[in-house]
Amino acid sequence: QVQLVDSGGGLVQAGGSLRLSCAASGVTICISVMGWYRQAPGKERELVASITSGSTNYADSVKGRFTISRDNANNELSLQMNSLKPEDTAVYYCNARLYDSGFCRRWGPNDYWGQGTQVTVSS
């Protein structure tokens with residue numbers, strides 16, 4: 001099992017920056033993919049960015065502005081958000097998906113989620 005605790009949200013003016021962090025614990029060696037999702041009021045949850053051992057992926061709306069990174073040594077996922085826009089306002093959730101093989105099969109491929117952190121961008 002994996003536990004995720006995300007933090008770093010807050011209130012920022014348009015054009016500003018925030019850095020979100022997600023601390024993972026448990027069977028972190030089983031984590032295959034990590035990502036950030038967000039959900040605005042009245043909207044469905046959407047994928048913002050994800051990262052595997054070999055590549056990163058971003059939603060078109062955040063390309064060039066957001067950067068996702070993973071620190072394996074510290075079991076931490078980060079999302080650097082620059083040039084923030086009011087449209088980025090949402091609750092951001094850390095996500096982890098586990099390998100479904102070998103020892104990790106016991107827990108994978110289920111998704112695990114952080115509690116969410118609020119990001120509000122004012123115009």
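All values derive from a computational prediction rather than experimental measurement. All values below were derived from every heavy atom in this structure, side-chain atoms included, with hydrogens, water molecules and symmetry-related copies excluded.
Listed here is the closest heavy atom pair of Phe103 and Cys30: CD2-SG, 4.2 Å. Between Ser17 and Gln80, the shortest heavy-atom contact is CB-NE2, 4.0 Å. Counting all heavy atoms, side chain and backbone alike, Gln118 lies closest to Ala90 at NE2-O, 3.4 Å. Taking each heavy atom of Gly9 and Val119 in turn, the nearest pair found is CA-CG2, 4.1 Å.
Partner of Val33 under the side-chain contact (heavy atoms from CB on, under 4.5 Å) criterion, out of Asn95, Asp111, Thr52: Thr52 alone.
With hydrophobic clusters built from ILVMFWY side chains whose heavy atoms lie under 4.5 angstrom apart, Val2 shares a cluster with Leu79. Linking ILVMFWY residues whenever their side-chain heavy atoms come closer than 4.5 Å, directly or via other members, leaves Val62 and Val91 in distinct clusters. Residues Tyr99 and Val27 do not share a hydrophobic cluster, defined by chaining ILVMFWY side chains whose heavy atoms lie under 4.5 Å apart.
Note that CD1 of Ile68 is 9.0 Å distant from OG of Ser78, once rounded to the nearest 0.5 Å. The distance from the CG atom of Asn75 to the CD atom of Gln3 is 11.5 Å, given to the nearest 0.5 Å. Rounding to the nearest 0.5 Å gives a distance of 8.0 Å between CZ of Phe66 and CG of Leu20. Expressed to the nearest 0.5 Å, how far CG of Leu98 lies from CD of Gln1 amounts to 9.5 Å. Rounding to the nearest 0.5 angstrom, the gap separating the CZ atom in Arg70 from the CD1 atom in Ile31 is 5.5 Å. Atoms CG and CG, on Asn57 and Leu47 in that order, are 6.5 Å from each other to the nearest 0.5 Å.
You'll find the side chain of Cys22 stays beyond 4.5 Å of the side chain of Glu76, heavy atoms only. The shortest side-chain heavy-atom distance between Tyr93 and Gln39 falls under the 4.5 Å cut-off. Side-chain atoms of Leu77 and Ile51, non-hydrogen and from C-beta on, do get closer than 4.5 Å to each other.
Ring to ring, Tyr37 and Trp113 are close: their centroids are under 6.0 angstrom apart.
One finds no salt bridge joining Lys85 and Asp88 here, because no Lys/Arg side-chain nitrogen approaches an Asp/Glu carboxylate oxygen to under 4.0 Å.
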Run the side-chain contact (heavy atoms from CB on, under 4.5 Å) check on Tyr92 and Met81 step by step: do they pass? CA-CA 12 Å; Tyr92 285 70; Met81 305 185 295; 4.0 Å; yes

Assess the residue pair Tyr58 and Thr67 against the criterion (side-chain contact (heavy atoms from CB on, under 4.5 Å)); give the C-alpha distance rounded to whole Å, side-chain angles, the decisive distance to 0.1 Å, and a yes or no. CA-CA 8 Å; Tyr58 298 92; Thr67 302; 3.9 Å; yes

Give the C-alpha distance, both sets of side-chain angles, the deciding distance and a yes or no for side-chain hydrogen bond (donor to acceptor under 3.5 Å, both in side chains) between Gln13 and Ser122. CA-CA 5 Å; Gln13 293 182 340; Ser122 62; 5.2 Å; no

Candidate pair Met34 and Ser50, rule side-chain contact (heavy atoms from CB on, under 4.5 Å), full reasoning: CA-CA 6 Å; Met34 296 193 76; Ser50 63; over 6 Å; no

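Remark: side-chain polar atoms of Thr117 are not paired, donor with acceptor, to backbone N or O of Ser7 under 3.5 angstrom. Remark: the backbone N or O of Asp6 is paired with a side-chain donor or acceptor of Gln115 at under 3.5 angstrom. Remark: the backbone N or O of Pro86 is paired with a side-chain donor or acceptor of Thr89 at under 3.5 angstrom. Remark: side-chain polar atoms of Arg65 are paired, donor with acceptor, to backbone N or O of Ser61 under 3.5 angstrom.
More than 12 heavy-atom neighbours from other residues, nucleotides or ligands sit within 6.0 angstrom of CZ on Arg19.
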